[in-house]
2 protein chains.
Amino acid sequence: MVIINRITVQLFITVKTASAADVFRTLADPTRRSLFERLCREGEQTVWMLTRYAGISQPAVSKHLAVLKSAGLVRDRHAGRETHYRAEAQSLSPLVDWLSLYGAFWRERLDRLEDLLQRMD
Amino acid sequence: MVIINRITVQLFITVKTASAADVFRTLADPTRRSLFERLCREGEQTVWMLTRYAGISQPAVSKHLAVLKSAGLVRDRHAGRETHYRAEAQSLSPLVDWLSLYGAFWRERLDRLEDLLQRMD
DNA sequence: ATTAATGATAACCATGTGGCTATCTGTTAG
DNA sequence: CTAACAGATAGCCACATGGTTATCATTAAT
């Protein structure tokens, strides 16, 4: 029992991966996507830098960052009185998985079409 | 002048491709994404079939389909009194482009890291 | 010709959410 | 020790939007 519980906790920690739904919802907002893009481009940034860039109030930026964080898209690091945020490398994998899944249906359909066209020769 | 106008119109028609922003916004809604996924999986469907599947009212489905259409994700075909919708094959390319763009930053960063690690040897 | 069915539109409502200001906590500077 | 600063939280508000029902237009069926 104890071991099982320990394993469960372990899974909870490691499988923090967000779903494609979370990623879609989170990146749908232009401001939030812009913040994420900047973090991807420029690397680690403080909240203050991001606030200057985004052109909205600091609390708004903090809220967006919290949403991004809860979707696993960014990670924060506290240093003194400032917080540094950076994009999480593997966070877009749910999106890649989703795309490859539904891209696969088209591929399949294109293959069928190609097959059909070849039979018509 | 006339020729220029003609060219402009031509561009307007062909460059109907949606932006990544449109695609994100459109696919953020779970119901809409579910409809799109079904169209990808099952191929062409009538509004009535989609309504039965989605479990919401027919007008709601029509509205979602209109949004999907305006984002270029689906295409409609009228046959008698029913309308058939199907997923548009190339419609997710803005998403792929966006992903490859911001995936590229990570790749670049990983390359830099790898480079750095090699220099440390 | 009348009725039924399919889907789009209109009008409306409830809810979610992105923005703001004000405030609180914790950290650095003077 | 006090002031300034970085950031998060709370509370509020305006607006967007996803859902509903009612209705309209068009096409098929009886």
Side-chain angles (χ1 to χ4, degrees), chain A residues 16 18-39 42-88, chain B residues 16 18-39 42-88:
Chain A
K16 195 191 147 78
S19 64
D22 292 329
V23 177
F24 269 120
R25 242 193 84 278
T26 303
L27 292 180
D29 180 71
T31 307
R32 213 149 46 212
R33 196 171 55 251
S34 168
L35 286 170
F36 179 74
E37 289 170 354
R38 182 176 170 91
L39 287 175
E42 312 282 335
E44 211 176 54
Q45 303 265 311
T46 68
V47 175
W48 184 77
M49 292 193 280
L50 292 171
T51 299
R52 267 182 60 96
Y53 164 73
I56 56 178
S57 70
Q58 173 266 315
V61 173
S62 275
K63 224 195 273 185
H64 280 305
L65 290 171
V67 176
L68 284 166
K69 183 182 170 186
S70 79
L73 287 162
V74 301
R75 180 186 281 271
D76 59 347
R77 177 177 70 83
H78 299 278
R81 64 181 166 185
E82 51 193 13
T83 312
H84 297 257
Y85 281 86
R86 62 183 166 83
E88 186 69 25
Chain B
K16 194 191 147 78
S19 64
D22 293 328
V23 177
F24 269 120
R25 241 194 83 277
T26 303
L27 291 180
D29 180 71
T31 307
R32 211 149 47 212
R33 196 171 56 251
S34 169
L35 286 171
F36 179 74
E37 289 170 355
R38 182 177 170 91
L39 287 175
E42 312 282 335
E44 212 176 56
Q45 303 265 311
T46 67
V47 175
W48 184 77
M49 291 193 280
L50 292 171
T51 299
R52 268 183 59 96
Y53 164 73
I56 55 178
S57 68
Q58 172 266 314
V61 172
S62 276
K63 225 194 275 185
H64 280 304
L65 290 171
V67 175
L68 283 166
K69 183 181 170 186
S70 79
L73 287 162
V74 302
R75 179 187 281 272
D76 60 347
R77 177 177 69 84
H78 299 277
R81 65 180 165 183
E82 51 193 15
T83 311
H84 297 257
Y85 281 86
R86 61 183 165 84
E88 185 69 25

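Side-chain atoms are counted along with the backbone in the values below, which use heavy atoms only and exclude waters and symmetry mates.
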Colleague: As a test of reading the structure: which of C:dT21, D:dA8, C:dG18 is closest to the side chain of A:S62, going by heavy atoms?
Modeller: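 My answer, after comparing the listed nucleotides, is D:dA8.
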Colleague: On the nucleotide D:dG19, are OP1 or OP2 found under 4.0 Å from the side-chain N or O atoms that B:T31 carries?
Modeller: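 Yes, B:T31 has a side-chain N/O under 4.0 Å of OP1/OP2 on D:dG19.
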Colleague: From CG of B:L65 over to C1' of C:dT6, roughly how many Å is that when rounded to an integer?
Modeller: 13 Å
Colleague: Taking all heavy atoms of B:L65 and all of B:V74, pick out the closest pair and write down the distance.
Modeller: O-CG2, 3.9 Å
Colleague: Considering non-hydrogen atoms only, spot the tightest contact between A:R32 and A:T26 and give its length.
Modeller: NE-O, 2.8 Å
Colleague: Please tabulate, for the side chains in residues 79-88 of chain B, all donor-acceptor contacts under 3.5 angstrom to protein atoms that are two or more places apart in sequence or on a different chain.
Modeller:
| residue | atom | partner | partner atom | Å |
| --- | --- | --- | --- | --- |
| B:T83 | OG1 | B:H78 | ND1 | 3.4 |
| B:E88 | OE1 | B:R75 | NE | 3.0 |

Colleague: Please state how far atom NZ in A:K69 lies from atom C1' in D:dT9, giving the value in whole angstrom units.
Modeller: 14 Å
Colleague: Counting only heavy atoms not in A:R77, do more than 12 sit closer than 6.0 Å to its CZ atom?
Modeller: yes
Colleague: Between P on C:dT28 and CD on A:E82, what's the gap in Å once rounded to a whole number?
Modeller: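 Distance, rounded to whole Å: 9 Å.
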Colleague: Give B:T46 one of three labels, base, sugar-phosphate or nothing, depending on what nucleic acid heavy atoms sit under 4.0 Å from its own.
Modeller: sugar-phosphate
Colleague: When you measure from the side-chain N and O atoms of B:Y85 to the phosphate of C:dA8, is any distance below 4.0 Å, counting only OP1 and OP2?
Modeller: yes
Colleague: To the nearest Å, give me how far apart CG (B:L35) and P (D:dG18) are.
Modeller: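 Rounded to whole Å, this separation is 12 Å.
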Colleague: Using nucleotides 22-26 of chain C, report all nitrogen or oxygen pairs with the protein that are shorter than 3.5 Å.
Modeller:
none

Colleague: Provide, to the nearest angstrom, the distance between the NE2 atom belonging to B:H84 and the C1' atom belonging to D:dT27.
Modeller: 13 Å
Colleague: If you pin A:A79 and A:D29 to their nearest nucleotides in DNA chain C, which one's is more 5'?
Modeller: A:D29
Colleague: How close do A:A18 and A:A71 get, heavy atom to heavy atom, and via which atoms?
Modeller: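 Residues A:A18 and A:A71, closest heavy atoms: CB-O, 3.0 Å.
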Colleague: Are any of A:R25's side-chain N or O atoms less than 4.0 Å away from OP1 or OP2 of C:dT17?
Modeller: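 Affirmative; the distance criterion is met.
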Colleague: Evaluate the side-chain proximity of B:D76 to B:V47: yes if any heavy-atom separation is below 4.5 Å, no if none is.
Modeller: no
Colleague: Can you measure B:M49 atom CE to C:dA5 atom C1' for me and round it to whole angstrom units?
Modeller: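 Distance check: B:M49 CE to C:dA5 C1' gives 15 Å.
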Colleague: Would you indicate whether the side-chain heavy atoms of B:S34 and B:T31 approach each other to under 4.5 Å?
Modeller: no
Colleague: Quick one: B:L27 CG to D:dG18 C1', roughly how many Å, whole number?
Modeller: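 Spelled out: CG on B:L27 to C1' on D:dG18 is 16 Å.
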Colleague: Both A:A60 and B:W48 contact DNA chain C. Which one's nearest nucleotide lies toward the 5' end?
Modeller: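 Mapping each residue to its closest nucleotide by heavy atoms, the 5'-most match is B:W48.
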Colleague: Would you mind telling me which of C:dA8, C:dG19, D:dA8 lies closest to the side-chain atoms of B:T83?
Modeller: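 For B:T83, the side-chain atoms sit closest to C:dA8.
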Colleague: Whole-Å distance between C:dT17 P and A:R32 CZ?
Modeller: 9 Å
